[in-house]
Amino acid sequence: MLTGLAASSGIARGPAFVCPCGDPRRIPRRSIAAAEVSAELRRLGKALDEAEADLVTLRDETRQDLGDESAAIFDAQACLVRDPELCDAATRRCREQRINAEAAWNDAAAALDQAFARLDNSAIRERGADLRDVSRRVLDRLLESTEASQPSLPPGCIVVTHELLPSLAAKLDRMTLRGIVAERGGPTAHAVILARALGIPTLLYVENATHKISNGDPLILDALAGRLFIRPPPVVEREYRRHEADLVKHRAVLKESLHLPAETRDGVRIKLGANIGKIADATAAREVNAGGIGLYRTEFAFVVEDHLPTEEEQYQTYCRTAEAIGDRDLVIRVLDVGSDKVLPYFPLPEEPNPSLGQRGTRLLLKHPEILVPQLRAVLRLSATHRVSLLFPMIGGVDEILAAKSRLMAVQAQLRAEQVPFDPGLRIGAMIETPSAVLTARHIAQEVDFLSIGTNDLTQYLLASDRGNRTMANYYEPLHPAVMLSIKAVIDAAAAEGKDVSVCGEMAGNPAYTELLLGLGIRALSVIPLELLEVKRVIRASTTVGAAQAAKCVLAARTIAAVKDCLAARAENRSDRPYAAARSTKSPAEAAWENEGGHILSLTGVSSTPQPLTVHPK
Ligand code: PEP
Ligand code: MG
């Protein structure tokens, strides 16, 4: 993975086309006789005329395609072609040094470019790209070859280039080109403005990209997070494919209920947040108008690196995520690795039964070198954004106390360093183990909120591995034990006056929404893909009807009886055609059974959980 500056946001996938278009060009250089000077100057004059004419045409085309603002770039370039200083310098070199027109022009332009590069003002410095672009265009005319600057791009590719120049950018076609990766450039450079106008995801300052990437290499360009994956491992590939599929599916349902409140028919407001794992998900959450981020799984930020991300790297990632969601609450969960979630660079201890071994908060408490930088990064973000901190895999009060004391130490450290943070930062505990359910009331006394992780809770309650296909029939979120546990946690939180939400995949399955409301849940955090569907069910429900569903379910003794309660309710609801079309299993759960495993839940965009094993790059 390479990183860069996301200059035009978006996500692209496709084969690389390593383009020589921005590379410094080999210029033929030869001495000329005195008698040849005027012929060479005539060649130069003709090339300048032609370049100027080209630019006028390009300006007109660009005006048609992208409007006046973009077209003005080429007006400015046309002025550069006629810049007296540049033209005089080239003429003088040709005459005095007795060199051919190409060499004279190239030297004069290079000298001016160096002068640009020495300027302090970065915006003006970036105009150097226009000079290089113009220089190249004149050279093309002199050399009668445009191959290097105007190559024919294979459709569907991601262009990887040393520098993206405006004239190439203006010719790019969003339909055929998926993304741009450049080693140099600047966010205000004209080419980047054009790429943005065209909506082409663009990543700049990707060091040595043209050397590290070969033609045809499969790439995933995440110009939201500033990352470029070269030959991405299947886990990353799958995540982004899913993300794309999710986006397509979203758009179809977006319009209906986007700006309607998540409110039952009898007027009870539900806090409907989104689960996210990467910046792209945050954008998706914003697109579906999520009422906040109820679960930000930070694993992805660690998994995509080949080293433990530093405090600063994490801070930058969290800032970008916060920016992407705008002014919404953000619940950041500290790293939840161990068991099936593996970091290639962090050797977990060999354990005969990793699911019952070191993972989540337990693991972090043993590894301050991971926990402390993450806490510092989150606290720093809290100075500028409404952030809460969530601890995963809490087994009981002892672990939450230990986590809190570590947090307090980090806060004291920041205070001493005069680094700002929010001292009122809310903290929460995930309820994912039977011990946490049984001691939920004690835990609630120590935190601001509880968040029920039904994926792990189901696994640990039912002693049924969430990643083991052969246990699929035993891994059943509708088991009466899961129902009773959720109810117990809701009651414990209510008794302590604390908030409680559900953030496991159950929350994102519209078939369970009414039931969760009936059990007393007033906050859900769901994958962005399902958010609008869940909202639709909320809006079709009443608290009375939901309470009936919950009453029926809490009295049920078998899984089948629980399912019967839900099926009966779905028959009665006003969203009946929709509810009937959904099974009590989410699409991913159905796939789980077909594919023989849980689907990766790295980012929260997927539905059912799956192993998070990442192969070293
Ligand atoms: C859960 O266990 O329900 C949960 C939300 O956490 P994860 O799926 O990331 O383990
Ligand atoms: Mg979990």
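Computation of the quantities below employed the complete heavy-atom set of this structure, encompassing side-chain atoms and omitting hydrogens, waters and symmetry-equivalent molecules. In each ligand, atom 1 is the first atom listed, and ligand 1 is the first ligand listed.
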Open item on the list: From the N, O or S atoms in D456, identify the one nearest to the Mg ion (ligand 2).
Closed with: OD2
Task: Residue E432 vicinity, atoms of ligand 1 by number, heavy atom under 4.0 Å - done: 1 (C), 2 (O), 4 (C), 6 (O)
Task: side-chain hydrogen bond (donor to acceptor under 3.5 Å, both in side chains) partners for Q413, two or more places apart - done: R376
TODO: Under 4.0 Å from a heavy atom of L295: give me the atoms of ligand 1 that qualify, with their elements.
DONE: 5 (C)
TODO: Can you sort out the partners of F391 under ring pair (Phe, Tyr, Trp, His ring centres under 6.0 Å), two or more places apart, ordered by chain and number?
DONE: none
Task: Backbone N/O of N455 and side chain of Y475: donor-acceptor pair under 3.5 Å - done: yes
Task: Per-residue contact class, D336 against ligand 1 - non-hydrogen pairs under 4.0 Å - done: side chain
Open item on the list: Under a 3.5 Å distance rule, please check whether T433 uses its side chain to pair with a backbone N or O of I394 as donor and acceptor.
Closed with: yes
Open item on the list: Ring centroids only, cut at 6.0 angstrom: are F302 and F346 within range, meaning strictly under it?
Closed with: no
Task: Per-atom contacts of ligand 1 with C503, taking only distances under 4.0 Å to non-hydrogen atoms - done: 5 (C)
- [ ] Examine N455 against ligand 1 and note whether any of their N/O atoms are separated by less than 3.5 Å.
- [x] yes
Open item on the list: For the backbone of D448 and the side chain of K498, can you confirm whether one donor and one acceptor N or O come within less than 3.5 Å of each other?
Closed with: no
Open item on the list: Regarding Q314 and Y318, do their side chains bring together a donor and an acceptor under 3.5 Å, going by distance alone?
Closed with: yes
TODO: Number the atoms of ligand 1 from 1 as they appear, then name those within less than 4.0 Å of a heavy atom of M430, with their elements.
DONE: 4 (C), 5 (C)
- [ ] Check ligand 1 against G504 and write out every atom of the ligand that is under 4.0 Å from a heavy-atom position of the residue.
- [x] 3 (O), 5 (C)
Open item on the list: Heavy atoms only, cut-off 4.0 Å: how does R333 contact ligand 1, side chain, backbone, both, or neither?
Closed with: side chain
Task: For ligand 1, the portion of E505 having any non-hydrogen atom under 4.0 Å away - done: neither
TODO: May I ask you to check whether D336 brings an N, O or S atom to under 2.8 Å from the Mg ion (ligand 2)?
DONE: no
Open item on the list: Between Y512 and P477 (side chain of the first, backbone of the second, donor and acceptor by atom type, cut-off under 3.5 Å), is there such a pair?
Closed with: no
Open item on the list: Taking CG in N353 as the centre, count heavy atoms belonging to other residues, nucleotides or ligands within less than 6.0 Å. Is the count above 12?
Closed with: yes
Open item on the list: Would M393 count as a contact residue for ligand 1, given that I'm defining contact as a non-hydrogen atom of the residue lying under 4.0 Å from a ligand atom?
Closed with: no
Task: Shortest-distance N/O/S atom, E432 versus the Mg ion (ligand 2) - done: OE2
Open item on the list: If you take the nearest heavy atom of each of E299, R297, Q459, which one is closest to atom 5 (C) of ligand 1?
Closed with: R297
